[in-house]
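Accompanying notes for the structure given below.
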Amino acid sequence: MTPMQRLLQLPVNAVGMVKATQGEEEARSPVLTADGLQQACYSTVRPKEAREQEEQEEQCSPEERSSSAQAQPLRHDDLKEMLDSNKDSLKLEAMKRIVAMIARGKNASDLFPAVVKNVACKNIEVKKLVYVYLVRYAEEQQDLALLSISTFQRGLKDPNQLIRASALRVLSSIRVTIIVPIMMLAIREAASDMSPYVRKTAAHAIPKLYSLDPDQKDQLIEVIEKLLADKTTLVAGSVVMAFEEVCPERIDLIHKNYRKLCNLLIDVEEWGQVVIINMLTRYARTQFLNPNANESLLEEGTEKAFYGSDEDEGKEEKVEAAALVAKRKPYVMDPDHRLLLRNTKPLLQSRNAAVVMAVAQLYFHLAPKAEVGVIAKALVRLMRSHSEVQYVVLQNVATMSIKRRGMFEPYLKSFYIRSTDPTQIKVLKLEVLTNLANETNISTILREFQTYIKSMDKDFVAATIQAIGRCATSIGEVRDTCLNGLVQLLSNRDELVVAESVVVIKKLLQMQPERHSDIIKHMAKLTDNIQVPMARASILWLIGEYCEHIPKIAPDVLRKMAKSFTNEEDIVKLQVLNLAAKLYLTNSKQTKLLTQYVLNLAKYDQNYDIRDRARFIRQLIVPTDKSGALSKYAKKLFLALKPAPVLESPFKDRDHFQLGSLSHLLNAKAGGYQELPDWPEVAPDPSVRNVEVPEWTKCSSREKRKEKKVEKPFYSDSEGESGPTESADSDSDTGSGTGSGSEESGSESGSEESEGESESDKEEEEEKHKRKSKSRAKKSTQESEGSEPSSEDERKKPPKGKGPKAASDSESEEEEEEEESSSESSESESEGESESDTDTRMKQKTCASKPPPRQPKKETEMSLLDLDDFEPTPSPQVTPVNNFVSSSLVTDLEGLSLSDSALSPAAVSPASGPVKSYELLHRITGEGLSVSYCFSRQPFSHDPHMVSVQMQFTNNGDTEARNLRIQEPKLQSGMRIAEFPEIDVLPPGETVTMVMGIDFSDSTQAANFQLCTHTRKFFLTIQPPVGELMMPVFMTENEFKKEQGQLTGMNEITEKLTLGETCQGDAAIVQRVTSTASLSRVPCGSEMECRFAGKTVTSGSLVLVTIVTREQLVAQLTVNCEKMLIGTMLVKDILQALSQ
Amino acid sequence: MIHSLFLINSAGDIFLEKHWKSVISRSVCDYFFEAQEKASTPENVPPVISTPHHYLINIYRDKIFFVSVIQTEVPPLFVIEFLHRVAEMFQDYFGECSEASIKDNVVIVYELLEEMLDNGFPLATESNILKELIKPPTVLRSVVNTITGSTNVGETLPTGQLSTVPWRRTGVKYTNNEAYFDVVEEIDAIIDKSGTTVIAEIQGVIDACVKLSGMPDLTLSFVNPRLMDDLSFHPCVRFKRWEAERVLSFIPPDGNFRLVSYHVNAQNLVAIPVYVKQNISFFESGFSGRLDITVEPKQTMGKTVEGVVVTVHMPKVVLSANLTPTQGTYNYDPVTKVLAWDIGKLNQQKPPNLKGSLSLQSGAPKPEENPSLNIDLKIQQLAISGLKVNRLDMFGEKYKPFKGVKYLTKAGKFQVRT
């Protein structure tokens, strides 16, 4: 808003002000008197003795209002008396009244000695109120306050944790410098207290002490470091708060706790979450690489494609991946970076607006572009909240919508304005709407704007007009429409509207004056009608500025204005002078006399400004003998090209402040604001975040296991856990660290690879990295940090996957690269002995030979996986995969893995069971084309939440089938299909295998779709057996038991069964079960028990199966699964399989 | 973080102050008063005000300004959200959040504030924890306390503070075990002059009143959970179960709480329960205007629409209204320029109508735009989105609770442009 406009708005505001004060007066009258005030205060506290007191009090209330010390002694004596009495009830009464005084902001400091005596009072409420008093006045009366210290020191040793904590709270809140050493000691002790509540209080006390005595910083940092390592959720938020206030620059303290904080986050209380998320945002900015670095070039072009909607993520990822390939500089997200993003995401659904905002800013600052979109919905939801929340959220949305417009486009309508919104909200919404405007939606937005222009709220109308102006500058197509609309507004009766329109039109015209001489003409005509001085002035300025575009009209306008000059307002007169001067310089022939006339009129004007201006202009433009050198430059002075004003959002570039922060809101650095650092060029060593684990030889796997476990209690799933205090992480350490740790190291030598495999089961895509020697080296250094000599050897073997927390979402990029490299190698057909060659060879010929016998297990497993990797490549000449080979290999292996099952912790590769093939399209109905499918039990590489379905197309006919593809999937909600690439040609007699992914969303509902050839369409249905909806998960026995313990009650189904004749012995049972369901075996000490674990593909809920053999043929089957439906169906299937 | 808190009533009196760090003079509020004067309405006071040494973050709620003083960087929403929690806590404790009730209970307020923040950082904001620390006032208790000398303040640390379910008290006992759920949906809509819907959304909440003994574990399932598009949960709801199975599984807090709030998927077209025919016009000559509003039931799913109120904020020049309603009563307040027409139940056969003339201030130009109508309505026993609770199951406790679900549809920000 220009200052001029503000000037114009003043009257409107002034009216409002007058009204407001009137309203206040009216509202005030009933409660104005002091008596009323006090009565209200005391109505609950009303023993008989107090009554008289109160009456006295009321009498002296006028003096008391001025809070002079002399007026009060009488009453205070009384209070003192009460405080000295032996009765707790009297003391309590007195304290209540004192606290009420404090609450009203009255001075009660002279009671200090009387109050402080009661600090040791037995009555806890009196005690608390004394604490309140102390904290308030201790700073003023330091010496007396010292009297109370010993009580607190005693309190610090109290067996009751609440008393310990509150003693510490008060002790640390008393701002007396002398006791700093005592406080320091108390904090140190409390930091190692047994009770987490006391430790939390200690964390709170740290900033208090720091603000009292900054010299204690180093010691306090030690305490912070200690508390940061604390495992309880209760402490986490508070200690990070202390960290932020005392030593935000010591980012190195976070390294070791980073993963823990990420994993605890979901269980921390809301306020702590906000602080932790904000801190981690900053941390991540210093430690990880910019995920969008490679896209900056593509930013403009692909933005829309990226944010089309939340659903088609797959597509987005492809685009992204393609971009990356084009750049030839792949970005691999640090698994810790991914961990942060993944663990914060569910918090978007918090009820606490501050948490949602914190996550939103984290995503905005840290997430790859394609993923930022998820925050839009949550932010839009916040707009339903209180108007203050709306205000802050809209400010942030305004900033975000400049950078990432596409994100909010689907929610455009949520920013529509209601007449009941407060003006400040309206203006912000307008800002967002303007930012979101583009060629496609501009017509809708302009239509909305049209309604707004008619609003009664004139400030808002003014803002709307400006918004229209901005739309017009940014979207060329509508510039003329907008201009026309604005020109129409010139006839509005409201002077504010007209003035605003003129100003905006002026700005617009300044951009391309030559094209709009007709509008200038039109505006010139308006001078006859428009009476608003501001608007008249603006028009005159326009005419003067562009007089060369309207050479005929300009002098005429001047003529008219000269006529009415004396009646004009001052600002108009000034512009008339301006116009006259400019015309004189350009068209002196016609206007010389007119100008002289106007100047003469002005010379005798009442306003000295105008007289002054007239004199000045005359000297400048009218050449006289006296006029100096300046008149030569008159033309330059008046007719200089004025730069067009830039109409841009006031929110532009605000995002250099961390969003959601106070500084962002104010657009100025607030005290204590921590700059959001730029991304580093090269990522610092990620291994600093690894946590040392003494017993564990393999850091990576341990970490992973820990992570898995901690993830479990997501959103308080953890209440089943017994320990009330140590919630999520304590078990992860003790459980996996010691129990299974020893077991693990026992089987270490034998199961080196299998463990790698098992990891892969969980983190679906890891195996892909086998051939990426480069990243492998890096990763394994990172992993081997666990100080294990054998890690050297590992490095030579194929690595077991990338970092422990490799996340599914970052796959796409890697995949792309993967595919590329594999296809390259297949082209070259090099005969090297590397594994990758083995894979490619296998892929290319139908009857691939068995891999070399040494390390048979690993080899096959690799090849299997790589087959899968390779299949979804979009290249049309995918060679048929030989199912027989792979499955037979698998069965071979199975024996292997089963025999040592008791030892090896994880033995089952994903494709363990013999693969059952189903017919999808018979060759008769398919007119020669037959299709069969099987569930390959491989992770579907594009989307880990999909079940991969391997389809085999055989053309039995004698004509070639062309353009085989899937169309119009009819799916239950929640289900998705990733289609296979179209098969261009299928010659007669040939067979092609394709893999498609289906997300059944953990239900056994059938996926219906059409298979199209170039001539026909077939309606096909794939219905998955329940066992295929899951994938194996590696677990140790302990983990299994713990998980099982959590899935009791209705999540547990137990069934007795009689084993079939042929189904006896461990191996047979395992075989049956794994062929029924895609589960992996869990090692188990007992001979009589078999355990299996898996998780559902879509939601990742655990599926745990236990079979206990009782007698010869009697067994008991237990299935634990969060999803009861799946559990029940699985029980049925396994029963059937086992009893045959 | 939060340094001090001042409560200011609409008359501009500071009636409560509380400091968590060193004392800040109440003169800092002058900056707030300055901003308040500039703003035309209380809603227009900027929530964040910057002063030379402090920042004031304030909320306006129940005619009280909660003004907090901040000295250093802090996420504004953090403070705003906290202040709202404070207001909700007052509501919870005293039945209403008003100046009178705060003054009546000033000691409890002070104790509460002391527990809620420590050094400006939230310590306990869960109502169940606070209620164990500081018991809410009741007439009986205050009588008993004065006689026996017992206190309102708990002596031990609430168990919730340390447990993984901090929102629930332990040892809850009821003789009648009941669980009630209110599914309340609000229709936010903007209807065009011509009657077409510009935007319509359904926002819903499920409020619960659970009075169950022990540690019940509840599962609430829906017939059509997919209707709920964007949810926010009370921390007690197990997020994973919802993601996986679309059931709400939770150990409830004791008493009243908001279980979830949700947004109904916008693809499903929103049924607009009423149709409003309106014609408001002002005439240049004679300084008068005409008003004719008819409200008809539209898509009501066979239920009656009740509690219909039409509110119109008239332009300033409208002096008085002379109208005749066929049903209900109307009232025009010439000071606030608000015309309110309380219709009550909507009659299917005879749609209520309000008709008559408006008189304008003479000499003033006629208003250019017509005021928009704000509609308020209620439909009992109906969730307009069609959301239905399937069943409520309880685990973990032996007794059989009484369960009840109520549906209610309300108009949220329902506006008809004219």
Side-chain angles (χ1 to χ4, degrees), chain A residues 16 27-28 40-41 43-44 47 88-89 96 99-100 103 105 124-125 128 161-162 197 204 208 241 271 274 346 349 351-354 357 377 381 384 387-389 391-392 413 416 418-419 422-424 454 493 660 662 665-666 670-673 714-715 717-719 724-725 727 973 1049 1099 1101, chain B residues 10-11 16-17 22 26 40 43-44 47-48 50 59 72-78 80-81 84 100 103-104 106-107 110 114 118-119 121-122 142 146 149 151 153 155-157 161-165 190 199 203 226 230-234 238-240 243-245 263 315 365 369 372 395 413 415:
Chain A
R28 194 189 306 241
C41 274
S43 63
T44 47
D88 275 355
S89 59
K96 281 187 172 174
V99 167
I124 194 145
E125 191 166 12
K128 280 218 156 170
Q161 50 182 341
L162 183 63
Y197 183 69
H204 283 215
K208 294 186 211 171
M241 183 64 227
W271 312 105
V274 178
Q349 284 175 312
R351 64 168 168 171
N352 187 321
M357 189 66 230
K377 199 191 257 180
R381 182 183 72 229
R384 284 274 302 167
S387 77
E388 297 89 8
V389 176
Y391 176 80
V392 177
K413 285 192 170 176
Y416 280 7
R418 288 162 215 277
S419 61
T423 313
Q424 50 184 356
K454 285 188 263 162
R493 197 180 311 107
L662 184 62
L665 191 84
L666 299 169
Y673 172 73
F714 241 19
Y715 241 85
D717 263 1
S718 63
E719 66 289 326
T725 51
S727 70
S973 63
S1099 64
S1101 343
Chain B
S10 46
L16 187 115
E17 63 179 70
S22 51
R26 52 166 68 189
S40 47
E43 287 81 18
N44 268 323
V48 181
S50 175
I59 64 163
T72 51
E73 169 66 46
V74 59
L77 271 184
F78 184 97
I80 289 171
E81 184 79 22
H84 278 294
K103 281 179 171 173
D104 283 351
V106 70
V107 174
Y110 232 66
E114 186 73 30
D118 181 16
N119 193 36
F121 188 74
S142 60
T146 38
T151 67
V153 178
E155 298 199 22
T156 50
L157 186 69
Q161 184 70 274
L162 296 178
S163 81
T164 44
V165 278
I190 301 178
I199 172 174
Q203 307 283 347
R226 304 252 170 213
D230 180 33
L231 294 97
S232 70
F233 301 110
H234 188 277
R238 291 178 186 110
F239 180 67
K240 272 200 135 180
E243 286 287 274
E245 297 166 59
H263 176 257
E369 71 143 352
S372 48
F395 308 97
K413 297 171 183 164
Q415 210 162 74

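Residue numbering restarts at 1 for every chain, and letters A, B, ... go by the order of the sequence lines.
- Of the listed residues (A:G660, A:G671, A:G105, A:A103), the one with the most heavy-atom contacts under 4.5 Å to chain B is A:A103.
- Here the closest heavy-atom approach between residue B:L77 and residue A:A353 is recorded as CD1-O, 3.7 Å.
- Both the backbone and the side chain of B:S22 come within contact range of chain A, judged by heavy atoms closer than 4.5 Å.
- Both the backbone and the side chain of B:F78 come within less than 4.5 Å of a heavy atom in chain A.
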For the pair B:D230 and A:R381, evaluate salt bridge (Lys or Arg N to Asp or Glu O under 4.0 Å) and give the outcome as yes or no after the intermediate values. CA-CA 8 Å; B:D230 180 33; A:R381 182 183 72 229; 3.1 Å; yes
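- Contact annotation for B:I80: only side-chain heavy atoms (C-beta onward) come within less than 4.5 Å of a heavy atom of chain A.
- Contact of A:V392 with chain B is made through the side chain alone, with heavy-atom distances under 4.5 Å.
- When B:I59, B:V48, B:N119, B:N44 are compared by the number of non-hydrogen pairs under 4.5 Å with chain A, B:N44 comes out ahead.
- Closest of all the heavy-atom pairs between B:P76 and A:L662 is CD-N, 3.4 Å.
- Ranked by heavy-atom pairs under 4.5 Å with chain B, the list A:A670, A:G672, A:S387 is led by A:A670.
- Residue A:K377 holds its NZ atom at 9.0 Å from CG of B:L231, rounded to the nearest 0.5 Å.
- Interface residue A:Y673: backbone and side-chain heavy atoms are both found under 4.5 Å from chain B.
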Start with the C-alpha distance between B:H263 and A:R384, add both sets of side-chain angles, then the distance that settles side-chain contact (heavy atoms from CB on, under 4.5 Å), and finish with yes or no. CA-CA 10 Å; B:H263 176 257; A:R384 284 274 302 167; over 6 Å; no
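- B:E81 contributes no side-chain N or O that, together with a main-chain N or O of A:N352, makes up a donor-acceptor pair within less than 3.5 Å.
- The closest donor-acceptor contact from the side chain of A:R418 to the backbone of B:K413 lies under 3.5 Å.
- Residue contact with chain A, scored on non-hydrogen atoms closer than 4.5 Å, involves the side chain of B:Q415 exclusively.
- In terms of heavy-atom pairs under 4.5 angstrom with chain A, the leader among B:V74, B:L16, B:D118, B:I199 is B:D118.
- With a threshold of 4.5 angstrom between heavy atoms, B:F395 approaches chain A through side-chain atoms but not through N, CA, C or O.
- The closest donor-acceptor contact from the side chain of B:E243 to the backbone of A:S1099 lies at 3.5 Å or more, if one exists at all.
- The candidate from A:K454, A:Q424, A:K208, A:K413 with the greatest count of non-hydrogen atom pairs under 4.5 Å with chain B is A:Q424.
- Options B:S372, B:A244, B:P315 differ in how many heavy-atom pairs under 4.5 Å they form with chain A, and the most are formed by B:A244.
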